[in-house]
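See structure below.
Numbers for residues simply follow the sequence, beginning at 1.
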Amino acid sequence: QLSKSTFFSDSYTKGIVMVLVTLCLWGVLPIFLKLALNYYSAGTIVWFRFSFSFLILFWFLFLFRSGCEILFRPPLIGVLGGVALAANYFGMTQGVHFSGPSNAAIIIQLAPVFLVIVGVVLFRETIRLRQLVGMIIAMTGFYLFYLDRVRNAADNLNYSIANGWIVFAAVVWVLYMICQKKLSVKYSAQTLNLLIYFVAMVVLVPLVEWGEFFEGEIAGWLLLIILGLNTLLAYGALAEAVECIPLSVISILITLNPLITLSGMWVLTTLGVEALPVENIRWYGYLGGVIAVSGVILVVATHYKKENLS
């Protein structure tokens, strides 16, 4: 239960600020990915994001905290989590490449819904009526958004390929979350991030187009650094938020990030930014996106509220 004084505590305020930082960073992430894909392949971008984040986090923990020891005797489930998150990042980037930022931001919201379903099927968690209602609302929204994209997408084949990659990203994200949950009782969030970044950096090496680093312009390198900072700061802020505020609050706020993506793309395409494709989303597509996000919020908020009380 949250008392009145909780909302005005320094810790709670810090948690809200941290989760809002993550929300904004994840909201603009698909847009920056689409811009970077003008210069680099998906494998190169994802590898750089993990490598950049690993190097900075490693030196931070080595100099100011502890946790680097996990790299010498990594738990097997942590390695699996790193592979899963690497696959998630690659799949999401491919989804942005073949469709666009808004489509990827909406469809990836299947991930938290899948997580609840896995909890029920594999871990015998109890599903509540509000979660079922939320799933129905979310699926209605996804269907409306899908209808808009099928009718107005520039290339239906690429759109189908994109959705395949995004659904794949959502599935492996669930695997990553299961691994993280198993390890979170023994390791701190930043220590786990260090291991996961390292594993992802290693497994993604075969997908890197090394020549692209030499061909990239200043704008391309700037975008890579922005994406690396996005990864580092978003997950770092989220790790701090988890220690300050309930997961139910975090889950609701984080799920709003596609609305930032939709709004950002609408503004940028209205302004005529040529580096980004026109997405041609109609009013019912936007409506479907909002409905889908609303349904997902109901699903995850109920899930984490029950988890907090248990």
Sub-4.5 Å side-chain heavy-atom contact between [X] and [Y]:
X    : Y    : answer
L183 : P75  : yes
L175 : V171 : no
S99  : W165 : no
L61  : E69  : no
T191 : S188 : yes
V299 : P112 : no
V172 : F168 : yes
T231 : L29  : no

So which heavy atom on [X] is nearest to which on [Y], and how close?
X    : Y    : result
W26  : A234 : NE1-CB, 3.3 Å
L37  : A42  : CD2-N, 4.0 Å
A36  : L227 : CB-CD1, 3.6 Å
L23  : L253 : CD1-O, 3.2 Å
F142 : I106 : CE2-O, 3.2 Å
L147 : Y284 : C-CE1, 4.3 Å

**Request:** Any chance you could lay out the side chain to side chain donor-acceptor pair (under 3.5 Å) test for E209 and T44, step after step, and finish with the verdict?
**Result:** CA-CA 6 Å; E209 299 289 342; T44 302; over 6 Å; no
Can you tell me how far [atom2] of [Y] sits from [atom1] of [X], rounded to the nearest 0.5 angstrom?
X    : Y    : atom1 : atom2 : result
I108 : F114 : CD1   : CZ    : 9.0 Å
S102 : R149 : OG    : CZ    : 8.0 Å
T22  : N230 : OG1   : CG    : 9.5 Å
I45  : Y89  : CD1   : OH    : 13.0 Å
L85  : I196 : CG    : CD1   : 6.5 Å
Q190 : Y197 : CD    : OH    : 7.0 Å

**Message:** Is a donor from one side chain sitting under 3.5 angstrom from an acceptor on the other, for E279 and T269?
**Reply:**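 Absent: no donor and acceptor within the cut-off.
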**Donor-acceptor pair between N280 and D148 side chains, under 3.5 angstrom** =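 Note: N280 and D148 side chains miss the donor-acceptor criterion.
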Would the distance check show the side chain of [X] and the main-chain N or O of [Y] forming a donor-acceptor pair, the cut-off being under 3.5 Å?
X    : Y    : result
N88  : A169 : yes
T261 : G27  : yes
K14  : C244 : no
S263 : I260 : no
N38  : A275 : yes
Q109 : V296 : no
N257 : I254 : yes
K34  : V96  : yes

**Request:** Quick one: do M139 and L110 satisfy side-chain contact (heavy atoms from CB on, under 4.5 Å)? Show the steps, please.
**Result:** CA-CA 9 Å; M139 291 306 163; L110 285 167; 4.0 Å; yes
**Request:** Using the side-chain contact (heavy atoms from CB on, under 4.5 Å) rule, take I226 and L229 through it: C-alpha gap first, then chi angles, then the decisive distance, then the call.
**Result:** CA-CA 5 Å; I226 290 172; L229 286 171; 5.7 Å; no
**Message:** Take a 6.0 Å sphere around OH of Y146 and say whether it holds more than 12 heavy atoms from other residues, nucleotides or ligands.
**Reply:**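 Count not over threshold, so no.
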**Message:** I'd like to know whether CH2 of W210 has more than 12 heavy-atom contacts from other residues, nucleotides or ligands below 6.0 angstrom.
**Reply:**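 It does: W210 CH2 has more than 12 such atoms within range.
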**Message:** Can you classify the ring geometry of W59 versus F62 as parallel (below 30°), tilted (30 to 60°) or perpendicular (above 60°)?
**Reply:**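 Ring orientation of W59 relative to F62: perpendicular.
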**Message:** Does the plane of the ring in F48 sit parallel, tilted or perpendicular to the ring in F213? Use 30° and 60° as the thresholds.
**Reply:**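 Aromatic pair F48/F213 classed tilted.
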Compute the ring centroids of [X] and [Y], then answer whether they are less than 6.0 Å apart.
X    : Y    : answer
W47  : Y40  : no
Y286 : W266 : no
F50  : F54  : no

Would you say [Y] ends up clustered with [X] if hydrophobic residues are merged whenever their side chains have heavy atoms under 4.5 Å apart, either directly or through other cluster members?
X    : Y    : value
L80  : I178 : no
V278 : L276 : no
L195 : L76  : no
I218 : L35  : no

**Message:** Quick one, Y39 with E212, criterion side-chain contact (heavy atoms from CB on, under 4.5 Å). Give me CA distance, side-chain angles, the key distance, then yes/no.
**Reply:** CA-CA 8 Å; Y39 301 92; E212 293 177 345; over 6 Å; no
**Request:** Apply side-chain contact (heavy atoms from CB on, under 4.5 Å) to the pair V113 and M135, showing each step before the final yes or no.
**Result:** CA-CA 7 Å; V113 177; M135 287 181 183; 4.1 Å; yes
**Request:** Please say which of V133, L132, I136 ends up in a side chain to side chain contact (heavy atoms under 4.5 Å, CB included) with L298.
**Result:**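 When V133, L132, I136 are each tested with L298, the side chain to side chain contact (heavy atoms under 4.5 Å, CB included) holds only for V133.
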